[in-house]
Amino acid sequence: MNRTRLALAVSALGLVALSAVAADAARPPVVMGPAPAAAPPPPATAPDKTAPKAVPIVPGVPDAVDVPYPGGVIDLSIDASDITRGLYRVTQTVPVAPGTRQIILQLPQWLPGNHAARGTADQLVDLRFMVDGQPVRWWRDPVEVFAFHVELPEGAKAVEARFIHTSPLQSSEGRVTMTPDMLNLQWDRMTLYPAGHYVRQIRFAPSVRFPEGWQVATALDGRKVDGARVSWATVDYETLIDSPIFAGRHYRRYDLGHGVALNVFADKPEQAALKDEHLATYRALAEEGLIAFGGRHFDHYDFLLALSDKLGDIGLEHQRSSENAMEPTTFQNWAEMGWDRNVVPHEFAHSWDGKYRRPAKLWTPDYRQPMQNNLLWVYEGQTQFWGYVLAARSGVQTKDMVLGMMATNAGMFTQWPGREWRSVEDTTHDPITSARRPKPFASLARNEDYYTEGMLVWLEADQIIREGTKGARGIDDFAAAFFGVRNGDWGQLPYGFDDVVAALNGVYVYDWAAFLNTRLQTPGQPAPLAGIERAGYRLVWKDTPNPFDKGRMGHSKSLSLLHSLGVTLDSGGRVTSTRWDSAAFNAGLVTGSKVLAVNGAVYEAAAMKDAITAAKGKDGKPGPAISLIVQRGDKVQALEIAYHDGLRYPWLEPMGSGPQRLDALLAPRRLGASTGRRH
């Protein structure tokens, strides 16, 4: 473009612009609102900050008192037949005393055996309250959200509550309690109870409709069957909550003697079959439990057992029953599944330890009052001990398997840095603070270690008694004196720390208060190996897994390298845990990472073990570092891990020839058993 054309173009643009200005001037002005005000000047001095005062929390739910509920028996009807959608449809008729104009009905929140507030208010849906068929106003308490306030019209005689409890359909939604083949009905998930009363003072008349053709097992009494509906005798609410139901298509009941029965529900009918020689071990378990504790606090006892990988996993104690789950083929593949069979002995021991004898602050009058867990190292720690001992004495698990479980626990605590800052007793609060959520570094954070470290401490206590009495007495004597007291008492007998100390001193005089305070209430203690060593065994390390670790890894196709490289990996090479300050940790191999390759080869468990063995070297000379290709999120990186100590798995082995005191502890006590004697 030449200069003349450029000038003409500029002139033209100018004319257009001027024309636009002239046109705007001819139009009426557009009113845009008031002109913006000027910002206020800053104050000469800053005013005081507005400081709100807290709105007081006014208790809306009364504390429980030990008087009968005045309304009468609550009728409870549950339809549990919708196995397709996993629904429990509930109808409750709650009679009320004359003149009642408001009632508070609440769902259990603090659940016995859960050691925390694990109520499932989120699974209670479509809630409606009615009087004489007409809906009435209700609202949830804004503070205690498991409680519902219900307004009643004048002259109301009863209020009807209708709602649905929705069983999770997949594990990501919670524990699955209903499958096409079985269900586990827990009354605390699907019943409302009147506030203000000890739960033992509230009476229920329960009935449940099940799918056609299903069999039912529970500890409840007074069973009546009317087609698919089953009802039981009127019962207090405490006993009802403590008497869950298992039901299903594929069912076998085994009489174990002594009023004890094993009720088995399986995904497939053949999985519920138990060979005679294996059934004999469960019969022995019933007898060994009664011998060990020297008394019984149930009129009859029902093991409820699911052999399933579809129903949610469970191990939960009750005084006259227990809820248990094992892998589907645990009975069929008896030898290789021995690692999976400790839950039944553990929960049986709980009838005495935890249900009848219970820490005073863990016994609560209702399911609203918070529980205090400090003495769970007795409640669960000694039960863990007895679960191991009774399993070995009965043959439900072999002695070698039990020794493997002890070794796995002991080995873990030798490399558990969290023990330096956190006591065993402090871990009793973990069910409340952590709710069993996975932790990034459990070895530093600690988990519910009161189970397994508590077990090892009670093993040491047993050995102190045996040494001090030259073998005349042991922890069996404590069990009989403490848990077996008042034979035939089906109530609960609470205790405190001083009661435990006094009972131990009744068996053998020792400074038990200092022992328990040091071992359980003081962090920074040595690894809990003293009981094992006093019992004639020692912890050793081998390059092959003990029977317990071998069984678990074989079943899950996982690889535990916790004591060597410092990680565990699933079947695809994904890291599921990392031990704090281990070689893997220091190299940056953490939970969630996936090992793609080992020393240039695609990841396989065998390749990883070979690489660790090669890195150990020979003749005192270390081998090459372990070379990994690791994916974490969308990043892939190479890691070199300079670890040279080889594969390490914990074992227990006797320190001398001949039987050791640990062998005597695990030997049968029933008459007629090999090497057995009555204690």
Side-chain angles (χ1 to χ4, degrees), residues 112-115 242 258 260 285-298 301 303 315-324 342-364 371-394 396 424-425 428 431 448-462 465 474-504 506-507 512 516 520 665 669 679:
N114 288 259
H115 316 314
D242 202 43
H258 308 284
V260 181
L285 173 64
E287 187 173 359
E288 291 287 357
L290 291 166
I291 292 171
F293 293 106
R296 55 193 290 163
H297 305 294
F298 51 82
Y301 188 95
F303 290 110
L316 188 59
E317 64 271 17
H318 304 283
Q319 196 152 329
R320 302 195 304 163
S321 64
S322 57
E323 298 167 272
N324 308 272
N342 193 253
V343 62
V344 169
H346 178 101
E347 301 305 340
F348 190 42
H350 264 316
S351 179
W352 293 269
D353 182 3
K355 297 307 295 184
Y356 176 64
R357 295 306 310 266
R358 198 178 311 177
K361 294 179 181 179
L362 269 172
W363 184 92
T364 56
M371 300 173 183
Q372 300 175 59
N373 288 347
N374 298 69
L375 289 178
L376 278 180
W377 47 263
V378 184
Y379 181 129
E380 293 289 4
Q382 192 161 146
T383 295
Q384 190 81 3
F385 171 88
W386 284 112
Y388 286 10
V389 170
L390 294 178
R393 289 181 182 179
S394 64
V396 168
V424 176
E425 181 162 284
T428 66
E448 296 177 29
D449 295 343
Y450 54 87
Y451 280 92
T452 48
E453 187 163 351
M455 176 273 300
L456 293 169
V457 170
W458 285 111
L459 174 60
E460 184 181 3
D462 173 65
I465 296 170
I475 201 72
D476 292 74
D477 297 280
F478 170 81
F482 193 69
F483 300 114
V485 66
R486 295 177 58 85
N487 183 33
D489 182 359
W490 302 340
Q492 299 89 38
L493 184 59
Y495 62 83
F497 179 85
D498 291 344
D499 298 312
V500 178
V501 170
L504 285 166
V507 176
W512 291 110
L516 297 172
L520 298 163
L665 173 67
R669 295 299 194 265
H679 179 76

Whether [X] side chain and [Y] backbone form a donor-acceptor pair below 3.5 Å:
X      : Y      : result
Gln319 : Gly491 : yes
Asp462 : Gly474 : no
Asn324 : Gly315 : no
Glu425 : Leu520 : no
Asp499 : Gly496 : yes

For the student: nearest non-hydrogen atoms of [X] and [Y], plus distance:
X      : Y      : answer
Ala503 : Phe478 : CB-CE1, 3.5 Å
Gln372 : Leu362 : O-CG, 3.4 Å
Gly387 : Pro345 : O-CB, 3.5 Å
Thr452 : Tyr388 : CG2-OH, 4.5 Å
Pro112 : Met371 : N-CE, 3.6 Å
Trp490 : His297 : CD1-C, 3.3 Å

From [X] [atom1] over to [Y] [atom2], what is the distance, rounded to the nearest 0.5 angstrom?
X      : Y      : atom1 : atom2 : answer
Phe293 : Ser351 : CZ    : OG    : 9.0 Å
Leu285 : His258 : CG    : NE2   : 10.5 Å
Asn487 : Leu290 : CG    : CG    : 9.0 Å
Leu390 : Ile291 : CG    : CD1   : 10.0 Å
Leu316 : Asn114 : CG    : CG    : 6.0 Å

Sorted by chain and number, sequence neighbours left out, salt bridge (charged side-chain N to carboxylate O under 4.0 Å, His left out) with Arg296 holds for none
Step through it carefully: locate the ring centre of [X], locate the ring centre of [Y], and say whether they are under 6.0 Å apart.
X      : Y      : answer
His350 : Tyr379 : yes
Phe298 : Trp352 : yes
Tyr356 : Phe483 : no

Pair Lys355-Asp242, salt bridge (Lys or Arg N to Asp or Glu O under 4.0 Å): steps then yes or no | CA-CA 10 Å; Lys355 297 307 295 184; Asp242 202 43; 3.2 Å; yes
Got [X] and [Y] here, is their nearest side-chain heavy-atom distance under 4.5 Å?
X      : Y      : answer
Leu516 : Val501 : yes
Val500 : Phe497 : no
Phe348 : Glu288 : no
Trp377 : Pro359 : no
Phe303 : Ser321 : no

Do Arg357 and Phe482 meet the cation-pi criteria used here (NZ or CZ under 6.0 Å from the six-membered ring centre, within 45° of the axis)?
->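 Cation-pi check for Arg357 and Phe482: passes.
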Check the side chains of Glu448 and His115 for a donor-acceptor pair under 3.5 angstrom, ignoring hydrogens and angles.
->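 There is no such pair (donor and acceptor under 3.5 Å, judged by atom type) between the side chains of His115 and Glu448.
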Classify the side-chain pair Tyr451/Gln384 by whether it contains a donor and acceptor separated by less than 3.5 Å.
-> no
Taken in chain and number order and not counting sequence neighbours, the residues that satisfy side chain to side chain donor-acceptor pair (under 3.5 Å) with Thr428 are none
